[in-house]
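Only heavy atoms go into these numbers, but all of them, side chains included; no hydrogens, no water, no symmetry mates.
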Amino acid sequence: MMVKNLKDTTTLHNGVKMPWFGIGVFKVEEGPELVNAVKTAIKHGYRSVDTAAIYENEEGVGKGIQEGLKEAGISREELFVTSKVWNADLGYESTIAAYETSLKKLGLEYLDLYLIHWPVEGKYKDAWRALETLYKEGRVKAIGVSNFQIHHLEELMKDAEIKPMINQVEYHPRLTQKALKAFCQDNEIQLEAWSPLMQGQLLDNEVLQEIANKHNKFVAQVILRWDLQNGVVTIPKSTKEHRIIENANVFDFELTPDEMEIIDGLNQNLRVGPDPDNFDF
């Protein structure tokens, strides 16, 4: 599977095309830095932006999108925008209301992808029905989940009319999630990585550094390339222009099967984020 450039897409099981590569804005506060990061990414060819209600930055993201579209001279349809419903809003009516709120804050007429942020027991099924309604009404192009383990997905699909198109999870060389990845593949659910760089914790890893040196690349680029060659959509976060450009400069080299295996071997089932089977928020 060769992804050739920033605009390359994977086709979700409902036929919608989603870019393999995007920018994430987790923990980026409202303000000029955020607006500028989103605008910069779009200007430099990014076509996917990922946010969430809980990040409390949808307004800035929306502003960055407007400015970015203008500067890049592209239409809204050429961009893929994702947001997520927060735990407190999981429920049929409340999820639909949360969607409206996100749209309003982003200043958009529709989202390309809307996700359930966390699998809150006893709540995510009602929220999923709401997502199915939004989807059937044509108000969102694709729907999915985030942080769902295999058993959550099985439970959801027992009653779901529509299978999730995406499962966005913590995914990096220390957390390779092989079983989950295989399950998603078998069920045509596209896996997407959050915290692909393990919040910077892997950037001085010697094994990765060695591979990076061979390709004349940075460690971050090696990790992001590994994501793509594994068929995983990735959304690295950065607010600095040179990093935004650098992160996306991963289309001119290829990791060998040996190198892919070495990177897989770094797995320790180690999370920097909460455990989807044991969180209390």
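- Under the 4.5 Å side-chain criterion, counting only non-hydrogen atoms from C-beta, N167 is not in contact with H152.
- At least one side-chain heavy atom of L175 sits less than 4.5 Å from a side-chain heavy atom of Q177.
- A salt bridge does not link K237 to D50: none of the charged nitrogens lies less than 4.0 Å from a carboxylate oxygen.
- Judged purely by atom type and a 3.5 angstrom limit, N36 has no side-chain atom pairing as donor or acceptor with the backbone of T239.
- Heavy-atom neighbours of E78 CD from other residues, nucleotides or ligands within 6.0 Å: above the threshold of 12.
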Please walk me through it: do S102 and E58 pass side-chain hydrogen bond (donor to acceptor under 3.5 Å, both in side chains)?
CA-CA 7 Å; S102 282; E58 289 171 312; 2.7 Å; yes
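- Salt bridge annotation for K158-E155: present, with a cationic side-chain nitrogen under 4.0 angstrom from a carboxylate oxygen.
- A cation-pi geometry, defined here as NZ or CZ lying under 6.0 Å from the six-membered ring centre and within 45° of its normal, does not hold between R139 and Y114.
- In summary, D264 and K178 engage in a salt bridge, as defined by a charged side-chain N under 4.0 Å from a carboxylate O.
- Looking at heavy atoms from C-beta onward, L224 lies in side-chain contact with P196 at the 4.5 angstrom threshold.
- Checked by atom type and distance alone, the side chain of Q229 never pairs as donor or acceptor with a backbone atom of M260 at under 3.5 Å.
- Remark: I65 CD1 to E67 CD distance equals 11.0 Å, nearest 0.5 Å.
- Here CD of Q168 is found 7.0 Å from NE2 of H117. Values are rounded to the nearest 0.5 Å.
- Ion pair K240/E246 not flagged as a salt bridge, since none of the NZ, NE, NH1 or NH2 atoms sits closer than 4.0 Å to an Asp/Glu carboxylate oxygen.
- One distance of note links CG of N87 with NZ of K123; it measures 8.0 Å at 0.5 Å rounding.
- Here the CZ-CZ distance, from R225 to F251, works out to 7.5 Å after rounding to the nearest 0.5 Å.
- Between R76 and E109 no salt bridge is recorded (no basic side-chain N to carboxylate O distance below 4.0 Å).
- Aromatic ring centroids of W86 and F281 lie under 6.0 Å apart.
- T176 contributes atom OG1, which lies 9.5 Å from atom NE2 of H172 (distance to the nearest 0.5 angstrom).
- Using a cutoff of 4.0 Å between basic side-chain nitrogens and carboxylate oxygens, K17 and D112 are not scored as salt-bridged.
- With D8 contributing its side chain and K4 its backbone, the two residues share a donor-acceptor pair below 3.5 Å.
- No side-chain heavy atom of T9 sits less than 4.5 Å from a side-chain heavy atom of R47.
- Taking the six-membered ring where the residue is Trp, W226 and Y171 present parallel rings, their angle staying beneath 30° rather than reaching 60°.
- Inter-residue side-chain proximity for L153 and N187 is flagged as unmet; no heavy-atom pair is nearer than 4.5 Å.
- Here the side chain of R174 pairs no donor or acceptor atom with the backbone of M198 at under 3.5 angstrom.
- The shortest distance between side-chain heavy atoms of L106 and T51 falls below 4.5 Å.
- Donor-acceptor pairing under 3.5 Å is recorded for the side chains of H215 and E259.
- Panel note: side chain Q199, backbone V272; no donor-acceptor pair is recorded below 3.5 Å.
- In this structure, S83 and Y55 have side chains that are not in contact, with every pair of non-hydrogen atoms separated by 4.5 Å or more.
- Aromatic ring centres of W128 and Y135 lie farther apart than the 6.0 Å criterion allows.
- Side-chain atoms of R129 and D126, non-hydrogen and from C-beta on, do get closer than 4.5 Å to each other.
- Here the CH2-CG distance, from W118 to L90, works out to 12.5 Å after rounding to the nearest 0.5 Å.
- Between D252 and K217 a salt bridge is recorded (basic side-chain N to carboxylate O distance below 4.0 Å).
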